[in-house]
Amino acid sequence: MKALEITKDIYWIGAVDYASRDFHGYSLSPRGTTYNAYVIKDKKNVLFDTVKESFAGTMLCRLANLMEPASIDYIVVNHVELDHAGALPKVIEACKPETVFCSPMGLKAIEAHFADHGKWPLKVVKSGDSVSIGKRNIHFVETRMLHWPDSMVSYVPEDKLLICNDAFGQNIACSERFADEIDRAVLEAAMTEYYHNIVLPYSQQVIKVLGQLGELKLDIDMIAPDHGLIFRGKQDVRYALETYRRFAEQKMQKRALIVYDTMWHSTEKMAYAIAEGLSSVGVPVRIMDLKNHHHSAVMTEVARCGLIVAGSPTHNNGILPFMSGFLDYMKGLRPQNRMGAAFGSYGWSGECTKILSERLREMGFELPVEPCRTQYVPAHAALKECFSMGAALGVALADKCPA
Ligand code: FEO
């Protein structure tokens with residue numbers, strides 16, 4: 001297990017987790033992820049973050065091939081979530097660092113996670129603090145709620161390097177380490193998926209942090225996140241920053257998603273008719289059924305859609321459980337600037353569209369048309385109504401979207 005020099009005297013010593021498939025309900029299929037950790041060799045040798053506990057051996061092996069673990073003087077804990085701090089107790093035991101730096105909220109999180117924290121040489125650093133390590137300095141910037149209270153980033157001006165923890169991450173397990181080594185569409189798909197399943201609720205914080213980085217006039221040539229690929233060179237750094245700004249701003253987009261579950265294919269037939277109506281007025285539409293698409297894949301599609309049309313039949317005076325689960329998941333991720341609509345079939349009580357509409361309104365979605373509801377199986381007239389609903393939604397969406 002070798003360390004990889006990413007720029008002079010700075011090394012990646014992380015782990016590639018090809019097998020991981022679930023991250024608190026976010027499906028990592030089919031690509032897995034990486035847990036990135038970095039070492040700077042200077043008068044003081046510094047380690048930034050660690051890896052998931054089960055990869056501690058892998059990381060320590062990479063480190064041992066670079067230097068004696070006991071040669072690490074400082075550890076910087078940018079984030080305490082266990083995919084980055086799970087190996088911290090073993091790493092501290094092996095390295096015996098002089099100081100472990102963390103944010104004020106990081107201290108509280110370390111105390112709540114690790115029984116041995118009392119024996120560790122912890123030192124709290126705040127935004128604006130810096131430490132000299134020889135030829136270099138490390139500047140700390142707290143990024144509270146991006147995406148945990150303890151989160152912070154570290155900037156090394158001499159190398160124009162931003163070590164930024166979860167921000168700008170992507171869940172990709174591969175042998176490449178740099179963003180310019182893989183297909184850009186694959187990279188952006190992974191950034192989109194990661195942002196919209198992890199970071200989206202904290203979009204206001206993202207805008208604030210991007211503003212802070214601008215105010216600090218940080219000159220950045222390399223962005224090194226704790227998941228996935230590293231952005232090197234001004235062009236890729238600009239791409240990463242602009243992509244995050246675009247994600248965070250959530251401008252309404254002229255594209256629709258129809259997401260549904262179905263019992264006897266009636267709601268499905270309605271979905272297809274609504275899609276044709278949307279297409280007839282020039283709105284691109286994607287249809288995803290929840291039996292065949294994981295909720296995190298659907299959420300990734302929500303990223304580029306200004307209109308979310310939700311369909312479920314009435315089931316036990318409610319809606320089908322996959323739809324209920326998806327709506328819960330989406331609500332927690334707090335998408336903004338979206339329109340919505342509801343549809344579904346029913347047998348006798350018929351509460352589905354009322355429930356779906358209420359759930360969409362709770363999320364702040366604007367519902368420009370009445371829902372479509374069909375008893376049992378939609379015949380020609382009902383499908384025509386669904387088509388008209390789709391066309392009306394498409395016109396309403398186009399009116400709201402920038403040309
Ligand atoms: Fe990658 Fe918030 O942990």
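The figures here come from the full heavy-atom set of this structure, side chains too, leaving out hydrogens, waters and symmetry mates. Only a predicted model underlies this, so the values are computations on that prediction, with no experimental measurement involved. For ligands, and for the atoms within them, numbers begin at 1 and follow the listed sequence.
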side-chain contact (heavy atoms from CB on, under 4.5 Å) assessment of L200 paired with R334 = CA-CA 7 Å; L200 187 65; R334 301 205 289 269; over 6 Å; no

key: N, O or S from E81 under 2.8 Å to atom 2 (Fe) of ligand 1   =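 Checking atom 2 (Fe) of ligand 1 against E81, an N, O or S atom does fall under 2.8 Å.
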
request  = Angle at atom 2 (Fe) of ligand 1: provide the value between NE2 of H79 and OD2 of D166, rounding to 10 degrees.
outcome  = 90°

inquiry  = With rounding to 10 degrees, what does the angle H227:NE2 / atom 1 (Fe) of ligand 1 / D83:OD2 come to?
reply    =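 Here the angle at the metal atom is close to 80°, to 10°.
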
task = Return yes if some donor-acceptor pair links the side-chain N/O of S266 with the main-chain N/O of Y376 below 3.5 Å, else return no.
result = yes

ask   = Which atom names give the shortest non-hydrogen contact between H295 and G25, and what distance separates them?
value = NE2-O, 2.7 Å

inquiry  = Here's one to test your reading of the geometry: is the NZ or CZ of R232 within 45 degrees of the ring axis of F178 and under 6.0 Å from its centre?
reply    =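 Yes, R232 and F178 form such a contact.
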
